[in-house]
Engineer: 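Handing you this structure, nothing more for now.
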Amino acid sequence: MTKNEIAEILDEIGMLLELQGENPFKVRAYVAGARAVEAMEGADLARLVEAGELKSVKGIGDALALKIAELHTTGRLGFYEKLKASIAPGLLELREIPGVGPKKVRALHTQLGVNSIADLIAACNDGRVAELAGFGAKTQEKILAGIRNREAYGRRHLWWDAAEVAEPIVAGLRALPQVRRAEAAGSLRRGLETVGDLDFIVAASDVGPVMDWFTGLAGVKEITGRGETKASVRFESGLQADLRIVPEEQFAFALHHFTGSKDHNVQMRQRALARGLSLSEWGLVPAEGEGTVKAKVEAGDALRKKVAGVKTEAELFAALGLAFIPPELREGMGEIEAAERGELPRLVEAGDLRGAFHNHTTASDGRNTLIEMVAAAEALGWEYLGIADHSKSSFQANGLSEERLLMQVAEIRKLNESGRFKAQAFSGVECDILPDGRLDFDDATLAQLDYVVASVHNVFSQSEAVMTARILKAIEHPRTTMLGHLTGRLLLRREGYQVDAAKVIDAAIAHGVVIELNASPWRLELDWRLWKKAAERGLLCAINPDAHETAGLEHVRAGVLAARKGWLQREQILNTRPRADVAAYFAARRGR
DNA sequence: GCCGTTTTCGGCCCGACTGTTTTCAGTCG
């Protein structure tokens with residue numbers, strides 16, 4: 001059984017135990033164990049199981065080590081099967097209803113015999129739910145509304161779409177006279193590929209007018225909450241947004257708190273506690289004695305001086321002995337340890353890019369001409385733009401025949417020689433990897449090009465073994481310069497095809513093939529979670545917008561964020577190199 | 001269930017908001 005399958009089962013055990021009313025710390029131990037397993041390399045997991053050393057991993061103790069080993073070697077776990085059989089399968093999905101947690105599920109199940117969403121709807125309609133202790137008419141109504149809207153409300157949103165909503169809101173907040181500082185936080189600020197909801201953190205002198213402005217935003221369908229420091233709204237699109245207003249002294253703490261992933265924040269608080277400090281969105285204070293952080297901060301005693309000294313996130317990290325951790329790294333995946341050792345990477349920035357290689361024109365399925373695309377690249381300050389239109393087998397995308405491709409090569413050469421643009425165009429192709437792993441053009445044709453992006457565009461249904469072999473064959477082809485979108489996934493719309501990413505990465509490193517980080521907001525793969533280790537082992541990245549129109553070039557912004565989440569530095573990305581170096585790189589590849 | 005240069009037992013991150021209450025439990029992030 002693979003590590004991700006094992007992690008999923010541990011997560012599910014956590015949920016099932018929670019529904020049983022188990023000790024919440026035991027529940028957390030299973031969930032933490034799932035994260036620990038996910039963080040391993042598949043090969044490491046096998047080695048640790050074999051050597052009986054699973055316990056050496058933080059978060060895995062005697063009980064989990066036994067269970068993980070059983071899952072890994074037999075693919076089954078008696079404990080899990082018994083647990084699962086003891087709980088009605090419909091109960092887990094009740095947890096998806098907003099406002100319904102494990103305790104409410106338990107009450108509904110034991111007192112009303114609710115075993116499914118259908119049962120729950122019936123119980124609400126009868127008014128039985130409102131009569132339960134701890135429930136009421138409003139709760140019953142909210143449950144029904146939550147069930148009705150669960151699809152729209154539960155949906156995540158592409159980072160790109162969320163950013164388009166969030167950016168004008170941040171600008172609007174900053175323009176208010178009461179507002180001193182305003183930032184978007186949450187998964188948006190961390191650059192996660194999809195975003196569940198928006199978080200805005202504001203330092204303001206007066207709360208009321210800011211909340212009024214926020215809840216009165218165009219497109220707000222519903223105000224779902226409004227307290228002293230927080231307001232929540234839901235937009236027509238289903239996207240929810242939270243606004244939190246704090247005194248300016250607490251802004252850095254609130255921004256950090258609402259930016260970090262849960263894991264990052266837990267680790268930061270544990271680190272604070274180990275130093276006798278208590279950290280929250282309100283501040284950083286000595287942990288001893290009575291009272292909450294908030295109370296201590298408000299008491300304004302000597303402790304407050306410590307808080308007052310922290311005005312920025314950088315100072316907050318410094319107070320805990322850490323270098324500044326960029327938001328994109330705050331996932332609880334080793335960034336705190338690296339910051340402690342002073343080993344955080346200097347992450348790539350959008351300004352480091354000097355061009356990109358995977359772009360389309362009207363010659364295939366793009367919406368702008370070669371000249372328009374190159375002009376747009378130059379306007380971005382780029383030195384070069386690689387043109388990689390589709391190959392003939394992608395007839396759905398108006399793929400180029402040999403003849404049309406060679407015409408384009410001539411056209412590009414002529415454009416470069418004309419001196420019309422300072423930016424230079426490179427001749428490439430996005431060449432289909434055929435179902436048997438051959439490329440869509442013969443060697444003589446491919447030899448006319450500066451470079452080749454090889455991608456899979458059809459027969460997605462192949463088994464993992466067949467698909468992996470297909471892609472490996474393309475990587476081994478001497479004309480292949482880089483591999484396009486690895487799994488063909490479309491975020492929130494379509495799973496990628498099955499492929500053994502580890503084998504593909506190994507082969508790409510061995511053959512000196514670049515793997516692209518496709519920056520299209522719908523793709524964003526090779527996934528950032530795989531980049532850190534792959535790049536450490538020598539895999540070279542290209543951040544490619546896969547632009548089908550001039551505006552699509554801007555998508556590299558999303559690609560840079562994903563690269564930063566993958567700990568990538570400038571040196572690990574081909575399109576940060578100057579034009580002459582890239583030309584030399586292509587020439588060397590062609591000369592193999 | 002995990003973990004320990006204060007601990008092998010007794011802790012385990014912290015606070016806002018809602019709806020139910022009359023001081024708080026549950027949920028969420």
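Chain letters run A, B, ... following the sequence lines, proteins first, then strands; residues in each count from 1. Fair warning: this is a prediction, and the values are worked out from it, not measured in the lab.
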Engineer: Quick one: do Arg190(A) and Glu331(A) satisfy salt bridge (charged side-chain N to carboxylate O under 4.0 Å, His left out)? Show the steps, please.
Structural biologist: CA-CA 8 Å; Arg190(A) 296 204 307 282; Glu331(A) 296 287 349; 2.9 Å; yes
Engineer: Is the backbone of Leu320(A) close enough, under 3.5 Å, to the side chain of Arg271(A) for a donor and an acceptor to pair up by distance?
Structural biologist: yes
Engineer: For dC3(B), give its Watson-Crick or G-U wobble partner with both distances under 3.5 Å, or none.
Structural biologist: dG10(B)
Engineer: Heavy atoms under 4.0 Å, any strand shown: does Ala137(A) hit a base, just sugar-phosphate, or nothing?
Structural biologist: sugar-phosphate
Engineer: Quick one: on DNA chain B, does Leu273(A) or Phe79(A) contact a more 5' nucleotide (nearest heavy atom)?
Structural biologist: Phe79(A)
Engineer: I want to verify the glycosidic state of dT21(B); is it syn or anti under the 90° rule?
Structural biologist: anti
Engineer: Considering only atom C1', compute the distance from dC3(B) to dT8(B) and round it to an integer number of Å.
Structural biologist: 9 Å
Engineer: Rounded to the Å, how far apart are Gln140(A) CD and dT18(B) C1'?
Structural biologist: 17 Å
Engineer: Above 12 or not: heavy atoms from other molecules or residues under 6.0 Å from CZ of Arg174(A)?
Structural biologist: yes
Engineer: When you look at CZ of Arg180(A), are more than 12 heavy atoms from neighbouring residues, nucleotides or ligands closer to it than 6.0 Å?
Structural biologist: no
Engineer: Once you measure the plane-to-plane angle for Tyr30(A) and Phe79(A), does it fall in the parallel (<30°), tilted (30-60°) or perpendicular (>60°) bin?
Structural biologist: parallel
Engineer: What integer number of Å spans the C1' atoms of dT20(B) and dA25(B)?
Structural biologist: 9 Å
Engineer: Measure the distance from CD1 on Ile223(A) to P on dT18(B) and round it to the nearest whole Å.
Structural biologist: 12 Å
Engineer: Measuring only the P atom in each nucleotide, how far is dT7(B) from dG1(B)? A whole number of Å is fine.
Structural biologist: 25 Å
Engineer: In whole angstrom, give me the gap between the P atoms of dT23(B) and dC28(B).
Structural biologist: 26 Å
Engineer: Contact class for Glu228(A) (heavy atom, under 4.0 Å): base, sugar-phosphate, or nothing?
Structural biologist: sugar-phosphate
Engineer: Measure the distance from CZ on Arg226(A) to P on dT18(B) and round it to the nearest whole Å.
Structural biologist: 11 Å
Engineer: For the C1' atoms, the ones on dG15(B) and on dC9(B), what distance do you get once it is rounded to whole angstrom?
Structural biologist: 28 Å
Engineer: Roughly how many Å is it from CD in Gln250(A) to C1' in dA16(B), rounded to a whole number?
Structural biologist: 14 Å
Engineer: Nearest whole angstrom, please: distance from the C1' of dG1(B) to the OH of Tyr30(A).
Structural biologist: 7 Å
Engineer: Tell me whether Asp119(A) contacts the main-chain N or O of Asn115(A) through its side chain, where contact means a donor paired with an acceptor under 3.5 Å.
Structural biologist: yes
Engineer: Return a single string for nucleotides 24-29 of chain B, one symbol per nucleotide in 5' to 3' order, where B is base contact, S is sugar-phosphate-only contact and - is none, cutoff 4.0 angstrom on heavy atoms.
Structural biologist: --SSSB
Engineer: Has Arg244(A) got its NZ or CZ under 6.0 Å from the middle of the six-membered ring of Phe258(A), at an angle within 45 degrees of the ring axis?
Structural biologist: yes
Engineer: Taking the basic N atoms (NZ, or NE/NH1/NH2) and the acidic carboxylate oxygens, is any pair closer than 4.0 Å for Asp44(A) and Lys533(A)?
Structural biologist: no
Engineer: Report the C-alpha distance between His257(A) and His264(A) in whole Å, list the side-chain angles of each, state the deciding distance to 0.1 Å, and finish with yes or no for ring pair (Phe, Tyr, Trp, His ring centres under 6.0 Å).
Structural biologist: CA-CA 9 Å; His257(A) 175 85; His264(A) 172 88; over 10 Å; no
Engineer: Taking only nitrogen or oxygen atoms into account, show me every contact under 3.5 Å that the protein makes with nucleotides 2-4 of chain B, one pair per line with its distance.
Structural biologist:
{"from": "dC2(B)", "atom 1": "OP1", "to": "Gly61(A)", "atom 2": "N", "distance (Å)": "2.6"}
{"from": "dC2(B)", "atom 1": "OP1", "to": "Gly61(A)", "atom 2": "O", "distance (Å)": "3.4"}
{"from": "dC2(B)", "atom 1": "OP1", "to": "Leu64(A)", "atom 2": "N", "distance (Å)": "3.1"}
{"from": "dC2(B)", "atom 1": "OP2", "to": "Ala63(A)", "atom 2": "N", "distance (Å)": "3.4"}
{"from": "dC3(B)", "atom 1": "OP1", "to": "Gly59(A)", "atom 2": "N", "distance (Å)": "2.4"}

Engineer: What pair of heavy atoms forms the shortest contact from Ile201(A) to Leu255(A), and how long is it?
Structural biologist: CG2-N, 4.1 Å
Engineer: So which nucleotide from dA16(B), dC12(B), dT20(B) ends up closest to the side chain of Thr139(A)?
Structural biologist: dT20(B)
Engineer: Nearest to the side chain of Lys142(A), which nucleotide is it out of dG19(B), dG15(B), dG1(B)?
Structural biologist: dG19(B)
Engineer: When you measure from the side chain of Thr229(A), which nucleotide among dA16(B), dG19(B), dC14(B) comes out closest?
Structural biologist: dA16(B)
Engineer: What nucleotide, of dC12(B), dG15(B), dC14(B), holds the atom closest to the side chain of Trp282(A)?
Structural biologist: dG15(B)
Engineer: Nearest whole angstrom, please: distance from the C1' of dG1(B) to the CG of Leu17(A).
Structural biologist: 10 Å
Engineer: Write down the distance separating the C1' atoms in dG11(B) and dT6(B), rounded off to the nearest Å.
Structural biologist: 13 Å
Engineer: Find the distance Gln20(A):CD to dG1(B):P and express it as a whole number of Å.
Structural biologist: 12 Å
Engineer: Report yes or no: does Trp159(A) contribute a side-chain atom to a donor-acceptor pair with the main-chain N or O of Val195(A) at less than 3.5 Å?
Structural biologist: no
Engineer: Between Gln270(A) and Ala133(A), which residue's closest nucleotide on DNA chain B lies nearer the 5′ terminus?
Structural biologist: Gln270(A)
